[in-house]
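Numbered from 1 within each chain, the chains take letters A, B, ... in sequence-line order.
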Amino acid sequence: DSGVTQTPKHLITATGQRVTLRCSPRSGDLSVYWYQQSLDQGLQFLIQYYNGEERAKGNILERFSAQQFPDLHSELNLSSLELGDSALYFCASSPREGSSPLHFGNGTRLTVT
Amino acid sequence: AQSVTQLGSHVSVSEGALVLLRCNYSSSVPPYLFWYVQYPNQGLQLLLKYTTGATLVKGINGFEAEFKKSETSFHLTKPSAHMSDAAEYFCAVSGRTGGGNKLTFGTGTQLKVEL
């Protein structure tokens, strides 16, 4: 158990809809990262927050947004969903930036129909 | 920008045989390098990491990796494969500069262990 909690585990929704994925980092970790894993794109970095502030942005679509709250949990919002958004979305956390490794949650599997 | 290339999307070995999973990196600055393992329906678990110091890094489950700057490689090895090692393995790189330590992953290598 990595200590990173993601909810829900599975999500099935229709095109055009909006969903929110939630992540609770390991106790004491200040940094949260979001990744998307799909068969055709592999593991893609989406966005990183550190102590509530956005620190790095990757291949995140404009339809997607995220935030990190004062209690350090994070939410990833996906809107105007398309079939191609179906993927496994991982959250990871680390105590700080630098060499500290990331600890991953078990992911949320999103299926858009 | 950093990147990693994993050679071989699928590797098959016999139980008890040597495991060798290849990873080459590209980075304009000395990188941090990682190997992660993903079992079915689970998240990624850290196997080992290289940051500074000793170039031979030992990780969990008997795995180790050697950082070779001259070859820009960070190959993962295990002397004797076990059935429980069957999983997908990802090599990853991050930078040493500020602005976050996001990981850039390779495309993964699926390891199959046969009796």
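- Rounded to the nearest 0.5 Å, atoms CG (B:Asn41) and NZ (A:Lys9) are 10.0 Å apart.
- A:Leu61 and A:Tyr35 end up in different hydrophobic clusters when Ile, Leu, Val, Met, Phe, Trp and Tyr side chains are linked at under 4.5 Å.
- Of the possible donor and acceptor atoms, none in the side chain of A:Asn106 sits under 3.5 Å from a partner among the backbone N and O of B:Gln42.
- Grouping the Ile, Leu, Val, Met, Phe, Trp and Tyr side chains by contacts below 4.5 angstrom, directly or via other members, places B:Phe63 with B:Val4.
- Clustering ILVMFWY residues whenever any of their side-chain heavy atoms sit less than 4.5 angstrom apart, transitively, puts A:Leu72 in a cluster other than the one holding A:Ile47.
- At a 4.5 Å heavy-atom cutoff, B:Gln45 makes no contact with chain A through either its backbone or its side chain.
- Contacts with chain A were tallied for B:Thr104, B:Leu44, B:Leu46; B:Leu44 has the most, counting heavy-atom pairs under 4.5 Å.
- Hydrophobic clustering, with ILVMFWY side chains joined whenever heavy atoms are under 4.5 angstrom apart, keeps A:Ile60 apart from A:Leu88.
- For the residue pair B:Leu103 and A:Phe45, the shortest heavy atom distance occurs at O-CB, 4.2 Å.
- Residue A:Gln37 touches chain B through its side chain alone, counting heavy-atom pairs closer than 4.5 Å.
- When the side chains of ILVMFWY residues are joined at heavy-atom separations under 4.5 Å, either directly or via intervening members, B:Tyr39 and B:Trp35 end up in a single hydrophobic cluster.
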